[in-house]
K.L.:
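Let me begin by handing over the structure; questions about it come next.
The chains referred to below are lettered A, B, ... by the order of the sequence lines, with proteins before strands, and numbering in each begins at 1.
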Number of protein chains: 2
Amino acid sequence: MHISCAHCGLQRICFPKSLSSNEIAQLDQIVSSHPAIPRGSQLFSAGDAADFLYALKSGVVKLSRFDQAGNEIIHAFYLPGDVLGMEALDSPVYPFDAITLDNCTFCRIHRDDLETLAQKIPTLNRQILSMLAQDLRLEREHFDQLLNKTAEERVAAFVLSIANRFHARGLDSTSFRLPILHREVATYLGLTPETFSRVLNRFQNNGWLSWRRKQVDILDAEALQALAEGCAQPECHYRARKRG
Amino acid sequence: MHISCAHCGLQRICFPKSLSSNEIAQLDQIVSSHPAIPRGSQLFSAGDAADFLYALKSGVVKLSRFDQAGNEIIHAFYLPGDVLGMEALDSPVYPFDAITLDNCTFCRIHRDDLETLAQKIPTLNRQILSMLAQDLRLEREHFDQLLNKTAEERVAAFVLSIANRFHARGLDSTSFRLPILHREVATYLGLTPETFSRVLNRFQNNGWLSWRRKQVDILDAEALQALAEGCAQPECHYRARKRG
DNA sequence: AAATGTGATCTAGATCACATTT
DNA sequence: AAATGTGATCTAGATCACATTT
């Protein structure tokens with residue numbers, strides 16, 4: 001049973017973006033809502049036939065895989081309103097696992113239905129391209145967060161990036177629950193859990209951030225921003241020369 | 001003056017992919033070919049109005065920007081047949097600089113013309129989506145090449161990745177000219193030129209690879225492959241435990 | 001039981017300072 | 001003149017080994 005996209009709070013960032021009410025009605029006919037699935041479920045697995053796109057309504061999902069050495073690589077965290085499976089639109093199978101990190105509800109669209117409808121509705125076609133471009137932008141942002149960045153810069157940039165995405169959804173971007181394990185954030189940032197823990201400790205001692213269990217409170221966004229943007233701290237010397 | 005895409009050797013990976021000859025004729029009407037531009041030119045710059053897509057016919061182009069600390073970040077190298085500007089399809093401006101690393105020839109399409117034509121030709125629309133998905137895949141591959149990889153693993157994976165792309169174009173993938181400075185490859189791989197130079201030296205001493213000036217010769221692809229895939233060397237100990 | 005925190009030790013690769021090559 | 005190569009030194013963060021928390 002599908003509740004119309006017209007009544008969904010996420011329509012501004014999901015498929016219905018910029019569609020007329022008539023067009024949304026057409027979209028409703030190919031979208032199906034699904035009941036909540038528990039934490040740890042696989043929305044899809046690497047190698048599965050990529051028949052569907054998934055629009056996340058609530059919860060958080062990680063997009064990940066294991067490399068040949070057995071290390072987990074996490075490419076993305078999806079928040080409500082995000083659509084999963086875009087990268088497989090031109091492939092027979094999904095290239096990654098999509099694993100729920102929380103109770104999740106979602107809508108599902110068969111990609112053939114979507115393609116047919118997008119041929120009739122140029123605005124929808126543009127929105128599909130835009131969502132794929134968004135995935136590319138997020139991946140490059142992720143890359144930039146890691147390349148030549150210290151552990152502190154990575155964590156600061158990550159927290160702000162998540163906060164911005166909460167903000168874009170009209171949610172509290174200063175104090176929020178983030179159902180991602182510290183270990184998973186560390187993996188996403190290319191750090192060990194030990195290093196991640198030590199960075200959180202320093203941020204806490206500086207009065208910049210409180211992140212206990214799954215509750216995140218940003219106490220000094222400006223300090224985090226300054227750190228994420230470069231090396232704002234005086235004691236950052238070894239790498240400072242090229243950066244000045 | 002545009003030479004028809006029907007006679008272009010790159011039609012199997014560029015826009016005309018899977019189009020009928022009738023459809024290619026329609027594509028020809030919105031494509032314009034351009035004379036060679038020299039090394040160091042900007043095809044477009046970050047912040048420019050993103051009105052055009054560029055299909056590279058010959059030469060190599062880097063997609064890059066400078067971060068707030070003044071360090072160059074290189075996100076991609078484009079080879080003949082690749083299309084630049086896809087990531088800006090839903091944005092008013094290009095987010096990166098596209099700089100030629102060699103004499104380059106290219107075709108150009110106005111994105112409005114392309115969008116109009118893609119509405120009429122579903123196969124073309126699918127090809128556009130596919131090229132954007134390809135950019136995303138390459139970016140994730142780039143990411144995977146860096147995350148938790150040693151300098152040697154990065155360089156081995158890079159050389160093989162480039163070789164694969166030459167192979168996909170029907171070119172010699174064992175011995176080829178690559179007009180990218182060592183310094184730029186190092187930047188792309190998140191390494192210093194010094195470290196890159198030392199890695200090349202070791203590969204040369206092992207008889208795996210010769211890369212002098214801009215001439216690349218792969219002498220032992222299997223050894224490089226084993227290295228890129230994990231830690232194949234016995235002397236790799238410190239990081240080996242988790243990987244075994 | 002798994003996640004997280006903490007201290008001691010270790011190392012890959014950055015940095016620095018030049019030399020050499022093109 | 002800029003790119004590349006080479007040796008000496010330095011350090012951020014990984015690894016290891018546990019303790020503590022949930």
K.L.:
Please compare Phe196(B) and Arg154(A) by the position of their nearest nucleotide in DNA chain D and report the one closer to 5'.
P.N.:
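Counting from the 5' end, the first nearest nucleotide belongs to Phe196(B).
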K.L.:
Among dG5(D), dG5(C), dG13(D), which nucleotide has an atom closest to any side-chain atom of Thr150(A)?
P.N.:
dG13(D)
K.L.:
Starting the side chain at C-beta, find the nucleotide from dT6(D), dG13(C), dG5(D) nearest to His182(B).
P.N.:
dG5(D)
K.L.:
Quick check for you: among dA14(C), dG5(D), dT15(D), whose closest atom lies nearest to any side-chain atom of Asn201(B)?
P.N.:
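Nearest to the side chain of Asn201(B) among the choices is dG5(D).
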K.L.:
Could you give the CG-to-P distance, from Leu189(B) to dA14(C), as a whole number of Å?
P.N.:
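Result: 11 Å.
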K.L.:
Let's test this: given Watson-Crick or G-U wobble pairing with both distances under 3.5 Å, identify the partner of dC18(D).
P.N.:
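Because both required distances fall under 3.5 Å, dC18(D) counts as paired with dG5(C).
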K.L.:
Rounded to the nearest Å, what distance is computed from the CZ atom of residue Arg202(A) to the P atom of nucleotide dT6(C)?
P.N.:
12 Å
K.L.:
Kindly point out which of dC16(C), dG13(C), dT4(D) is positioned nearest to the side chain of Leu181(B)?
P.N.:
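Per side-chain heavy atoms of Leu181(B), the pick is dT4(D).
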K.L.:
Regarding Arg212(A) and Asp217(A), does a basic nitrogen lie under 4.0 Å from an acidic carboxylate oxygen?
P.N.:
no
K.L.:
Using the ring of each side chain (for Trp, its six-membered ring), is His142(A) parallel, tilted or perpendicular to Tyr188(A), with breaks at 30° and 60°?
P.N.:
parallel
K.L.:
Which nucleotide, dG13(D), dG5(D), dG13(C), lies nearest any side-chain atom of Thr195(B)?
P.N.:
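Nearest listed nucleotide: dG13(C).
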K.L.:
Where does the angle between the aromatic ring planes of Trp211(A) and Phe196(A) fall among parallel (under 30°), tilted (30 to 60°) and perpendicular (over 60°)?
P.N.:
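Taking Phe196(A) first and then Trp211(A), their aromatic rings stand perpendicular (interplane angle over 60°).
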K.L.:
Provide the Watson-Crick or G-U wobble partner of dT11(D), both distances under 3.5 Å; none if there is no partner.
P.N.:
dA12(C)
K.L.:
Kindly say if Thr192(A) contacts the phosphate of dA14(D), meaning a side-chain N or O under 4.0 Å from OP1 or OP2.
P.N.:
yes
K.L.:
Figure out the NZ/P separation between Lys149(B) and dG13(D), and round it to whole Å.
P.N.:
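It is 20 Å, rounded to the nearest whole Å.
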K.L.:
Send over the distance from Arg183(A) CZ to dT22(D) P, rounded to a whole Å.
P.N.:
18 Å
K.L.:
Tell me what Arg213(B) touches on the nucleic acid: a base, only sugar-phosphate, or nothing, going by heavy atoms under 4.0 Å.
P.N.:
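Here Arg213(B) touches the backbone only, sparing every base.
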K.L.:
Leu200(B) CG to dA3(D) P: how many Å, rounded?
P.N.:
16 Å
K.L.:
From dC16(D), dG5(C), dA8(D), pick the nucleotide closest to the side chain of Arg198(B)?
P.N.:
dA8(D)
K.L.:
Check the angle between the aromatic planes of Phe143(A) and His75(B) and answer parallel, tilted or perpendicular using the 30° and 60° thresholds.
P.N.:
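Aromatic pair Phe143(A)/His75(B) classed tilted.
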K.L.:
To the closest 0.5 Å, what do you measure between CG (Leu147(B)) and CG (Asn71(A))?
P.N.:
8.5 Å
K.L.:
From the options dT6(D), dG13(C), dT15(D), select the nucleotide whose nearest atom is closest to the side chain of Glu194(A).
P.N.:
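Out of dT6(D), dG13(C), dT15(D), the nucleotide with an atom closest to Glu194(A)'s side chain is dT15(D).
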K.L.:
Can you check the Leu227(A) CG to dA12(D) P distance for me, whole Å?
P.N.:
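It is 14 Å, rounded to the nearest whole Å.
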K.L.:
Take the protein atom CD1 of Ile180(A) and the nucleotide atom P of dA3(C), then report the distance between them rounded to whole Å.
P.N.:
15 Å
K.L.:
Apply salt bridge (charged side-chain N to carboxylate O under 4.0 Å, His left out) to residues Arg65(B) and Glu72(B) and explain how you reach the verdict.
P.N.:
CA-CA 6 Å; Arg65(B) 70 177 181 90; Glu72(B) 186 179 25; over 6 Å; no
K.L.:
Judged by each residue's nearest nucleotide on DNA chain D, which is more toward the 5′ side, Ala151(A) or Arg212(A)?
P.N.:
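Upstream on the strand: Ala151(A).
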K.L.:
Without decimals, in angstroms, what is the distance between Leu146(A) CG and dG13(D) C1'?
P.N.:
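After rounding, the reported distance stands at 13 Å.
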